[in-house]
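Encoded as structure tokens, the structure appears first; notes follow it.
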Amino acid sequence: MEPSSLFVCLMGLGTVFFGLICLIVLTMIMGRVVGGHAAPAAAPVPAAAAVSPAAEPNRQEVVAAVSAAIAEELGADITGIRIVSMKKL
């Protein structure tokens, strides 16, 4: 007697979901076992204050370098490029 296609499909799906559930359970168990031995997390360090544009001593050099890089990428003359503003991302 040959099993029907529906039976084979349902057995395949059942096997896959059973395997996934076993992986989830094993992952949770391992997380609890290994997580218990981990060192406590350090307190977060406060972020440094943002640097204002006036505090950047070599701003003209940075603008010149960015202009040269843009001109090189575009294949244009550097005198044709005018940078209006720059923002730190």
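Start at 1 with the first residue, then count along the sequence. The figures here come from the full heavy-atom set of this structure, side chains too, leaving out hydrogens, waters and symmetry mates. Worth saying up front: this structure is predicted, and the values here are computed from it rather than measured.
Residue I29 holds its CD1 atom at 12.0 Å from CD1 of I24, rounded to the nearest 0.5 Å. If you take CD1 on I81 and CG on L74, they are separated by 5.5 Å, rounding to the nearest 0.5 Å.
Counting Ile, Leu, Val, Met, Phe, Trp and Tyr side chains that sit under 4.5 Å apart, directly or through other members, I78 stands alone, with no cluster partners. The hydrophobic cluster containing L6 also includes L10, under a criterion of side-chain heavy atoms closer than 4.5 Å among ILVMFWY residues, counted directly or through chains of members.
Taking each heavy atom of I83 and V63 in turn, the nearest pair found is CD1-O, 3.9 Å.
In the hydrophobic clustering of this structure, V25 groups with V33; members are Ile, Leu, Val, Met, Phe, Trp, Tyr whose side-chain heavy atoms approach within less than 4.5 Å, directly or through other members.
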